[in-house]
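Input: a single structure, listed below in structure tokens.
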Amino acid sequence: MPVEMKPGGVYKNLVNQDQHGAKKNMNKEKPDGFDSSGIRFTRYEASEELVRNLKESWQSYVSQDIPAYPGHFSDQGIVICGGGIRYFTCAWVSIHLLRNSGCALPIELWYMDEELNEEVIMELQALNVVCKNVDHYASSPLQGYAIKPFAILNSAFKEVLFIDADNNCLADPTYLFDTEDYKKNGAVFWPDFWKTDIGNPIWKIVDATDYEEYEQESGQILIHKERCWAALNLCMYFNQQRDIYYQFLLGDKDTFKFAWKALQQPYSMIATPVAFCGYAGELNTIPYKGIAMVQHDLQGRILFIHQNLMKWDVVKDDEFLWGKIKKFKPDAKNRLFILEIVKLSKGRQKLVFDIDGDISVENFLEEILEKEKLCLAVLKDLRTSGFYLRFILYLYQTRLRT
């Protein structure tokens with residue numbers, strides 16, 4: 001049976017209240033986005049009444065509407081969300097990398113509606129992957145990022161390592177379930193580059209003051225569902241109320257962290273700061289093109305390459321992208337974040353991410369570059385397979401006929 005959730009009663013009364021009671025701060029000195037020192041700002045401000053109503057609403061949900069923890073979850077496993085040509089391609093590479101590393105954990109791949117066809121599902125089954133259609137589990141339509149906590153909640157596993165489809169795990173991650181931090185707290189999160197502005201309404205909504213903690217990057221999440229059941233359901237609630245909470249948070253990622261904070265549920269945040277990797281841009285028009293986040297394990301070893309700005313579906317067969325690692329030095333006082341749109345040839349544009357200031361630039365170890373070679377080999381084999389070409393045709397026809 002799918003895990004159900006009910007919308008909070010107080011929140012429903014806010015739907016027609018002037019952008020839900022939140023108003024845009026049009027001060028140009030405080031724009032929506034990121035400043036060069038690594039603080040993420042939002043233009044949206046919340047009145048005291050809205051903060052109070054939102055707090056009462058989620059508290060009412062927690063006390064009255066969270067279903068009892070089901071007894072049918074068991075074992076450990078990996079959950080991935082990935083349908084359609086873009087995210088299936090990424091998931092296919094990611095899954096092969098996991099299996100090549102010796103990872104024998106069962107994997108669930110969640111998708112929506114007609115994003116996969118039967119032939120693709122059969123190919124995935126050969127890799128010990130169970131495909132699950134969100135529409136067969138959800139009692140009401142889901143959109144966007146809400147699929148992530150929903151898939152975690154409804155997976156067959158009691159203990160879940162969630163990995164984004166475009167995330168590449170460089171070693172068998174099974175050992176994460178045996179780490180002391182996970183055993184102690186039942187949840188491990190990974191950091192983003194940014195910190196949430198102290199003026200963001202979310203701090204008051206959940207009664208938290210950990211202003212110096214980095215935001216969460218949810219490309220990889222480790223959760224013991226039984227121990228974190230209430231917090232995980234509250235995370236789902238925040239995503240269901242995305243039309244207000246996404247004004248304060250950047251998509252789904254910090255809905256996990258702030259749900260845990262709201263309930264004072266302990267978690268471990270990876271201490272090693274996130275780094276970035278990329279390569280020289282085309283025709284030297286872009287000096288450095290950051291395309292992936294580099295995340296570490298609890299011992300500080302590189303474990304994930306989250307290719308969030310360049311998906312595998314558009315990577316060329318012989319195109320090496322991981323290149324060099326950029327990261328801030330441990331004692332960095334000068335931190336500069338560069339986000340800009342660069343004009344390319346033929347009217348094209350590209351969002352470029354880079355960091356500057358007190359940074360170090362390193363080459364990847366050879367064994368990591370061997371992983372990229374493996375990914376490119378898997379990608380090339382996929383593109384020459386008959387089932388992939390038929391899948392592309394299936395998606396093309398499906399989209400045009402609906």
Side-chain angles (χ1 to χ4, degrees), residues 1-5 73 77-99 103 105-157 160-169 218-221 223 225 232 235-236 239-240 242 251-253 255-256 306-308 311-314 375 378-379 382-383 385-402:
M1 293 292 292
V3 175
E4 298 289 346
M5 63 161 290
F73 300 133
I78 294 173
V79 172
I80 300 173
C81 295
I85 193 63
R86 164 156 288 191
Y87 289 102
F88 164 72
T89 304
C90 292
W92 183 262
V93 174
S94 178
I95 291 166
H96 275 76
L97 195 58
L98 284 164
R99 295 302 186 224
C103 178
L105 289 171
I107 298 174
E108 289 182 355
L109 181 68
W110 288 73
Y111 66 100
M112 295 187 68
D113 195 23
E114 297 175 316
E115 288 183 334
L116 298 182
N117 64 0
E118 288 300 321
E119 189 174 11
V120 165
I121 290 172
M122 290 179 62
E123 293 288 340
L124 287 165
Q125 287 174 346
L127 297 170
N128 191 20
V129 177
V130 174
C131 297
K132 293 189 172 182
N133 190 330
V134 171
D135 297 321
H136 295 167
Y137 291 81
S139 58
S140 57
L142 290 177
Q143 297 180 13
Y145 298 124
I147 297 172
K148 185 182 297 188
F150 182 86
I152 297 172
L153 275 168
N154 288 280
S155 71
F157 312 124
V160 172
L161 173 61
F162 178 90
I163 303 176
D164 271 350
D166 55 359
N167 203 348
N168 306 284
C169 190
S218 61
Q220 53 286 306
I221 311 168
I223 293 177
K225 284 162 54 173
L232 186 55
C235 172
M236 183 72 215
N239 280 271
Q240 289 285 66
R242 60 188 172 275
D252 72 285
K253 65 188 195 70
T255 59
F256 289 88
H306 186 185
Q307 212 158 301
N308 53 343
K311 314 295 187 191
W312 285 116
D313 65 307
V314 295
C375 290
V378 170
L379 182 64
L382 175 65
R383 286 173 171 164
S385 66
F387 86 88
Y388 187 67
L389 298 177
R390 289 188 291 272
F391 177 52
I392 294 174
L393 179 60
Y394 158 82
L395 290 174
Y396 177 78
Q397 293 178 329
T398 300
R399 298 292 163 82
L400 288 181
R401 291 171 66 90
T402 57

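Just so you know, residue 1 is the first one in the sequence shown, and it goes up from there. Given the structure is predicted, the values throughout are model-derived calculations rather than measurements.
- Side chain of N133 to backbone of D135: a donor-acceptor contact under 3.5 angstrom is found.
- Each of I147, V120, I121 was checked for a side chain to side chain contact (heavy atoms under 4.5 Å, CB included) with Y111, and the lone residue meeting it is I121.
- Test F387, F391, Y87, W312 against W92 for ring pair (Phe, Tyr, Trp, His ring centres under 6.0 Å) and you get one pass: F387.
- When side chains are defined from C-beta on, N168 counts as touching C375, because their heavy atoms get closer than 4.5 Å.
- Between the CD1 atom of I95 and the CG atom of L124 there is a distance of 5.5 Å, given to the nearest 0.5 Å.
- Side-chain atoms of F157 and E108, non-hydrogen and from C-beta on, do get closer than 4.5 Å to each other.
- For the atom pair NE2 of H306 and SG of C169, the computed distance is 12.5 Å after rounding to the nearest 0.5 Å.
- Interatomic distance, I152 CD1 to I221 CD1, rounded to the nearest 0.5 Å: 4.5 Å.
- When all heavy atoms of G82 and L116 are compared, the closest pair comes out as O-CD2, 4.3 Å.
- In terms of heavy atoms, C81 sits closest to A165 at O-CB, 3.4 Å.
- At distances below 3.5 Å, not a single donor-acceptor pair connects side-chain atoms of S94 with backbone N or O atoms of C90.
- For the pair M236 and L142, the minimum side-chain heavy-atom distance is below 4.5 Å.
- Atom OG1 of T89 is separated from atom CD1 of I392 by 7.0 Å, given to the nearest 0.5 angstrom.
- Closest approach of K132 to A156, counting heavy atoms only: NZ-N, 3.8 Å.
- Between L153 and K225, the closest heavy-atom pair is O-NZ, 3.2 Å.
- Atom CG of residue L98 and atom CD1 of residue I80 lie 6.0 Å apart, to the nearest 0.5 angstrom.
- Considering only heavy atoms from C-beta on, W110 comes within 4.5 Å of N154 through its side chain.
- Between the side chain of N167 and the backbone N or O of G219, at least one donor-acceptor pair lies under 3.5 Å.
- Residues I107 and R99 are in side-chain contact: their nearest non-hydrogen atoms beyond the backbone lie under 4.5 Å apart.
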Test log, rule salt bridge (charged side-chain N to carboxylate O under 4.0 Å, His left out), inputs D164 and K148: CA-CA 9 Å; D164 271 350; K148 185 182 297 188; 3.2 Å; yes
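- The local environment of OH in Y388 is crowded, with over 12 non-hydrogen atoms from other residues, nucleotides or ligands closer than 6.0 Å.
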Criterion side-chain contact (heavy atoms from CB on, under 4.5 Å) on I163 and I78, from CA distance to verdict: CA-CA 7 Å; I163 303 176; I78 294 173; 4.0 Å; yes
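- The backbone N or O of K311 sits nowhere less than 3.5 Å from a side-chain atom of R86 that would complete a donor-acceptor pair.
- Under a 3.5 Å cut-off, the side chain of R383 and the backbone N or O of D313 do form a donor-acceptor pair.
- The structure places CZ of R390 at 8.0 Å from OG of S385, a figure rounded to the nearest 0.5 Å.
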